[in-house]
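Here is the structure we will look at, set down as structure tokens.
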Amino acid sequence: MTFFYSETIKIFILFLFSIFLGSVIILLSYSFSTSIPDTEKVSAYECGFDPYEDARNVFDVKFYLIAILFIAFDLEAIYFFPWCSCAGNINIEGFWCLFDFILELIIGLLYAWEMGSFSWN
Amino acid sequence: MSFYLSEIFSFIIIFLSFFIVFSTSPIYAILFLILIFCSSGFFLFFFNFDFFGLIFIIIYVGAIAVLFLFIIMMLNIKIKKDSFVKNDNYFISGITLFIFSLIVGIALGICLEFFIYDNYLEFFINNQSNLLYFIDYLSNITVFGQYFYNFFNLFFVLAGIILLVALIGAVSLTLDSSHSDAISLKQLEAKQLSKSANILSYI
């Protein structure tokens, strides 16, 4: 057992325990509940009619744009964590290049804001 | 124990990739892909790459899988109960299956050779090497940060520029300014009246 595993084995035990607890709850609620399946109960119900339309509809492209913006800012946020963990041990260029990174992030954010990608009009 | 767990996770990843390829519905394929991302994150975790394992889960499951889900929503999928996939073209499917099994076999062979013939296991069992972890232990995120920001800070700035270009490209592709502009949606009488059969009025 290395030092790494001796620290992270607690997380693994918690993970196994959560899987165990979730499966126990699902199995108990499945086995102890009274379920009498019926064709009218199981079938999909839409105001008394059979569902005649597909659930997939045309949606706005702005949902997709929000997802792409989330990816960009998510990647930019992930770069902050290693910098913060060792800010005292890196040289002056590495220290200031994060500020340039933040500047580029602010430019992108202002551009997206100015183009109106956050508004739904 | 952790060594065998990493082996188990590698086999789980291979089996889930089989499920992705042979599942008929693309929705189930996406769900198996998300399971692959999670299990490869755990797989990296067992080789002390804790930061990269968590990044795998955050980026691929949290961000990239959302894009795949949008693509699934764009596809026009009708799942009927009695229409299974009838593949009459056995030649192409046979060749595809052969190539796929060849690739998987080669990968498995390389993995087994690595696991059997290397003295990798003895290095991990040896307690003297583990002493180094107790004396001087740097976490994965600290090592990555020191190495990346000391020696590759130019690439870091370049990555920022690439992300900015991607962001501007996504915004300018999806948001057409002529549609979002309120003036263009108005009915302009002079513009409509100016339209005639004369082709010179369009120029």
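Remember, predicted model here, so these are calculated numbers, not experimental data. Letters go in sequence order (proteins before strands), and every chain restarts at 1.
- Residues Phe18(B) and Phe22(B) have side chains in contact (heavy-atom distance under 4.5 Å, counting atoms from C-beta outward).
- Using a 4.5 Å cut-off between heavy atoms, Ile78(A) contacts chain B through both its backbone and its side chain.
- Between atom CD1 of residue Ile141(B) and atom CZ of residue Phe52(B) there is a gap of 9.0 Å, rounded to the nearest 0.5 Å.
- Contact of Phe101(A) with chain B is made through the side chain alone, with heavy-atom distances under 4.5 Å.
- Residue Ile161(B) touches chain A through both its backbone and its side chain, counting heavy-atom pairs closer than 4.5 Å.
- For Val66(B), the part lying under 4.5 angstrom from a heavy atom of chain A is the side chain only.
- For the options Tyr79(A), Phe81(A), Trp96(A), Phe70(A), heavy-atom pairs under 4.5 Å to chain B are most numerous at Tyr79(A).
- Between Phe15(B) and Phe11(B), the ring planes lie tilted relative to each other; the angle falls in the 30° to 60° range.
- The aromatic rings of Phe95(A) and Trp83(A) sit tilted, their planes meeting at an angle between 30° and 60°.
- A donor-acceptor pair under 3.5 Å links the side-chain atoms of Ser117(A) to the main chain of Ala112(A), judged by distance alone.
- Highest contact tally toward chain A, considering only Phe42(B), Tyr149(B), Phe148(B), is held by Tyr149(B) [criterion: heavy-atom pairs under 4.5 Å].
- Between the side chain of Asp100(A) and the main chain of Val157(B), no donor-acceptor pair closer than 3.5 Å is present.
- Of the listed residues Val143(B), Ile59(B), Ile168(B), the one with more heavy-atom pairs under 4.5 angstrom with chain A than any other is Ile168(B).
- The greatest number of non-hydrogen atom pairs below 4.5 Å with chain B, out of Ile92(A), Ile90(A), Leu105(A), Ile68(A), is found for Ile90(A).
- Contact of Phe151(B) with chain A is not made at all, since no heavy-atom distance falls under 4.5 Å.
- Between the Asn153(B) side chain and the Phe156(B) main chain, no donor and acceptor come within less than 3.5 Å of each other.
- Ring orientation note: the planes of Phe32(B) and Phe19(B) are close to parallel, at an angle under 30° on the 30°/60° scale.
- Of the atoms belonging to Ile58(B), heavy atoms from both backbone and side chain fall under 4.5 Å from chain A.
- Using a 4.5 Å cut-off between heavy atoms, Phe152(B) makes no contact with chain A at all.
- Of the listed residues (Ile102(A), Asp74(A), Leu109(A), Leu103(A)), the one with the most heavy-atom contacts under 4.5 Å to chain B is Asp74(A).
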